[in-house]
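A short worksheet on the structure shown next.
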Amino acid sequence: MSEQRRSDFTDLLRERREELGLSLREMEARCVDPESGAQAKFGWLSKVENAKPVDAPKVGLLKALSIGYRLPEEILKAAAAAQFFDYDPAADAGVVWSDDRSTRIIVAHVEEMSEEDRRQLADIAETFARRRTQRNGG
């Protein structure tokens, strides 16, 4: 077990469980990967939420957490990488992550996209921003 300095993963799980209004026992029952059979056990979840030292989650456990917490695996992986491996997404030029960790965009494969694909993606983002501004009376 490693001692963590960051709390990205801990905060993400605690805050999301509170949003869902579920207990740790309920999360244990929900966090099961049907493919591997991996399950997030109550004791491990409790240690994570209480910032006690635990081993970093393996892939099957991340999938189980994704199912139980209704979060994309990529969000969980990034938070786990930050907490357990001291990887800071903010320092990675290929990652944009909002302050509240609710939105994460990885642009590592942007070079693989055609110019048309990038243009369409930019149009979607601009349309979304315009609509939000209009809704907010701006």
Side-chain angles (χ1 to χ4, degrees):
M1 284 186 239
S2 61
E3 192 156 332
Q4 293 98 29
R5 294 181 299 262
R6 297 182 59 141
S7 63
D8 303 60
F9 191 73
T10 292
D11 296 342
L12 177 63
L13 292 189
R14 184 185 319 107
E15 291 166 10
R16 180 63 176 152
R17 183 181 63 78
E18 290 171 359
E19 285 175 12
L20 294 171
L22 299 170
S23 70
L24 283 173
R25 291 278 180 211
E26 291 169 316
M27 292 313 300
E28 176 186 39
R30 292 168 51 115
C31 293
V32 180
D33 174 15
E35 292 175 19
S36 70
Q39 180 176 20
K41 298 294 186 182
F42 172 83
W44 186 85
L45 291 169
S46 178
K47 286 179 182 178
V48 169
E49 282 204 15
N50 290 294
K52 303 288 184 197
V54 295
D55 288 330
K58 294 188 178 356
V59 173
L61 183 52
L62 285 170
K63 183 162 177 89
L65 292 168
S66 173
I67 293 166
Y69 283 81
R70 290 189 236 153
L71 289 169
E73 276 184 73
E74 291 74 24
I75 297 279
L76 290 161
K77 286 177 185 176
Q83 181 165 322
F84 294 102
F85 303 108
D86 202 28
Y87 168 71
D88 184 3
D92 186 338
V95 177
V96 177
W97 192 345
S98 64
D99 290 339
D100 67 358
R101 295 181 309 276
S102 65
T103 305
R104 188 175 78 112
I105 302 169
I106 301 176
V107 293
H109 300 285
V110 73
E111 289 81 20
E112 298 170 13
M113 296 173 71
S114 70
E115 183 62 35
E116 178 61 23
D117 289 342
R118 287 193 296 269
R119 199 172 16 259
Q120 287 177 3
L121 192 56
D123 289 345
I124 290 168
E126 288 175 13
T127 300
F128 179 80
R130 245 188 334 272
R131 287 181 182 164
R132 186 184 65 224
T133 301
Q134 289 169 350
R135 277 195 313 268
N136 294 336

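- Remark: Glu126 engages no residue in a salt bridge (Lys or Arg N to Asp or Glu O under 4.0 Å) (not counting sequence neighbours).
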Could you list the donor-acceptor pairs under 3.5 angstrom formed between side-chain atoms of residues 21-29 and any protein atom two or more places apart in sequence or on another chain?
unit_1: Ser23; atom_1: OG; unit_2: Arg25; atom_2: N; d: 3.4
unit_1: Ser23; atom_1: OG; unit_2: Glu26; atom_2: N; d: 3.0
unit_1: Ser23; atom_1: OG; unit_2: Glu26; atom_2: OE1; d: 3.3
unit_1: Glu26; atom_1: OE1; unit_2: Ser23; atom_2: N; d: 2.7
unit_1: Glu28; atom_1: OE2; unit_2: Phe42; atom_2: N; d: 3.1

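- In this structure Glu18 satisfies the side-chain contact (heavy atoms from CB on, under 4.5 Å) test together with Arg14, sequence neighbours excluded.
- In terms of the salt bridge (Lys or Arg N to Asp or Glu O under 4.0 Å) criterion, Arg30 has no residue partners (sequence neighbours excluded).
- Under the 3.5 Å distance criterion, the side-chain polar atoms of Thr127 are matched with a main-chain donor or acceptor of Asp123.
- Hydrophobic clustering of Ile, Leu, Val, Met, Phe, Trp and Tyr side chains at less than 4.5 Å, counting indirect connections, unites Leu12 with Trp44.
- At distances below 3.5 Å, not a single donor-acceptor pair connects side-chain atoms of Thr10 with backbone N or O atoms of Glu49.
- For the pair Leu13 and Leu76, the minimum side-chain heavy-atom distance is below 4.5 Å.
- Listed by chain and number, the residues in a side-chain contact (heavy atoms from CB on, under 4.5 Å) with Ala81 are Tyr87 (sequence neighbours excluded).
- For the pair Leu65/Phe9, a side-chain contact is recorded, criterion being any heavy-atom separation below 4.5 Å from C-beta on.
- With respect to Glu74 and Lys77, no salt bridge is recorded, no charged nitrogen being found less than 4.0 Å from a carboxylate O.
- By the salt bridge (Lys or Arg N to Asp or Glu O under 4.0 Å) test, Asp86 pairs with Arg5, sequence neighbours left out.
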